[in-house]
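Below is one structure, written out as structure tokens, with a few remarks after it.
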Amino acid sequence: MTTFLIIRHGQSMANLESVFAGSGYDSPLTDLGHRQAACTADYIADNFTVDAVYASPLQRAYDTGKAVADRFGLTVTREPGMREIDAGDWEGVTFAEVAARWPQEWDDWCHRISVGGCPGGERAAEVFARVRGTLLRIAEKHDGETVVIASHATPTLGAQIAAMGISDAEIDRVPFVPNASVTTITCDKGRMALVTAGYAEHMGAMATKLDDPILK
């Protein structure tokens, strides 16, 4: 069995500025985001033994993963399969402008993500499928080990969906997890199970999350 500790990156500048940042907008961590990543690294070091660390190639996720890797003397493996959604026309655009210019698509994203997607980019369902395949591939390589993966909001949602085995209607009610939170998933012979989703209690007052209505 493989245990995954999937971390959503710490607060990024795009999060702070309410900008849609997908795989084409490499927004860095804020000072708070770096502190969140360090706090989560401390939490993991105090509670787990980690055998490998993977991260999305985007800097905000890589820096979050490196904070954990440094605690264990490990290197970070960049994993494109855990990158954020290709946001197409929405890359670098504020949420308010997206809502004004693409009202139907934005409403789908916020409330019907199972059928939603980014104009000119990926659909959420495509991200969910790639994340599931990536987790299964990594699990094969790390049977019996604990693996940290630093990623993003949409891929982490995809990991939850893969582990929960839920319907589209149920997917649409699952919220995005907070920054620097830990989602724990096990994978045993290709069967995934969700242990905890978006655990962030260790951060106390440092915890941040996306504002409504983006929580779905």
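Within the model, atoms NE2 of His9 and OG1 of Thr40 stand 12.5 Å from one another, a figure rounded to the nearest 0.5 Å. Annotation: the span from Arg83 atom CZ to His152 atom NE2 amounts to 9.5 Å, rounded to 0.5 Å. Summarising the geometry, atom CG belonging to Asp46 is positioned 10.5 Å from atom NE2 belonging to His202; distances are rounded to the nearest 0.5 Å.
Remark: aromatic rings of Trp90 and Tyr25 are distant, center separation not under 6.0 Å. For Phe20 and Trp109, the distance between ring centers is under 6.0 angstrom.
At distances below 3.5 Å, not a single donor-acceptor pair connects side-chain atoms of Arg8 with backbone N or O atoms of Ser181. In this structure, the side chain of Arg132 does not engage the main chain of Ala129 through any donor-acceptor pair within 3.5 Å. At distances below 3.5 Å, at least one donor-acceptor pair connects side-chain atoms of Thr2 with backbone N or O atoms of Ala139. Gln11 places no side-chain N or O within donor-acceptor distance of the main-chain N or O of Leu16, the cut-off being under 3.5 Å. For the pair Thr94 (side chain) and Ser18 (backbone), a donor-acceptor distance under 3.5 Å is absent. Between the side chain of Asp26 and the main chain of Leu58, no donor-acceptor pair closer than 3.5 Å is present. Side chain of Asp108 to backbone of Glu105: no donor-acceptor contact under 3.5 angstrom is found. When atom types are taken as modelled, the side chain of Glu170 and the backbone of Ser167 share a donor-acceptor pair closer than 3.5 angstrom. Using modelled atom types, no side-chain atom of Thr208 and backbone atom of Asn179 make a donor-acceptor pair closer than 3.5 Å. A donor-acceptor distance shorter than 3.5 angstrom exists from the side chain of Glu91 to the backbone of Ser23, with no hydrogens or angles considered.
A salt bridge is defined here as a Lys NZ or Arg NE, NH1 or NH2 lying under 4.0 Å from an Asp or Glu carboxylate O, and Glu122 with Arg130 meets this definition. Salt bridge status for Lys189 with Asp143: absent, with no side-chain N to carboxylate O gap under 4.0 Å. For Asp70 and Lys66, the salt-bridge test passes: some basic side-chain N is under 4.0 Å from an acidic carboxylate O.
Taking 4.5 Å as the limit, every side-chain heavy atom of Thr49 sits out of range of all side-chain heavy atoms of Thr146. In this structure the side chain of Val53 never reaches within 4.5 angstrom of the side chain of Phe72, judged on heavy atoms. You'll find the side chain of Ile113 reaches within 4.5 Å of the side chain of Ile171, heavy atoms only.
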- Task: Kindly determine whether Leu135 and Cys187 satisfy side chain to side chain contact (heavy atoms under 4.5 Å, CB included), including the steps that lead there.
- Result: CA-CA 8 Å; Leu135 293 178; Cys187 185; over 6 Å; no
- Task: Any chance you could lay out the side chain to side chain contact (heavy atoms under 4.5 Å, CB included) test for Met82 and Val131, step after step, and finish with the verdict?
- Result: CA-CA 6 Å; Met82 296 302 295; Val131 166; 4.0 Å; yes
- Could you give me the CA-CA distance, side-chain angles and deciding distance for Ser151 and Thr156, then say whether side-chain hydrogen bond (donor to acceptor under 3.5 Å, both in side chains) is met? CA-CA 7 Å; Ser151 189; Thr156 303; 4.7 Å; no
- Message: Between Glu79 and Ile149, is the side chain to side chain contact (heavy atoms under 4.5 Å, CB included) condition met? List the steps.
- Response: CA-CA 9 Å; Glu79 175 47 69; Ile149 302 179; 6.0 Å; no
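In the displayed structure, Asp31 atom CG is contacted under 6.0 Å by at most 12 heavy atoms of other residues, nucleotides or ligands. Enclosure of atom CD in Glu17 by more than 12 non-hydrogen atoms of other residues, nucleotides or ligands within 6.0 angstrom is indicated. Other residues, nucleotides and ligands contribute only 12 or fewer heavy atoms inside 6.0 Å of the CZ atom of Arg191.
The aromatic rings of Tyr54 and His142 sit perpendicular to each other, their planes meeting at more than 60°, with 30° as the lower class boundary.
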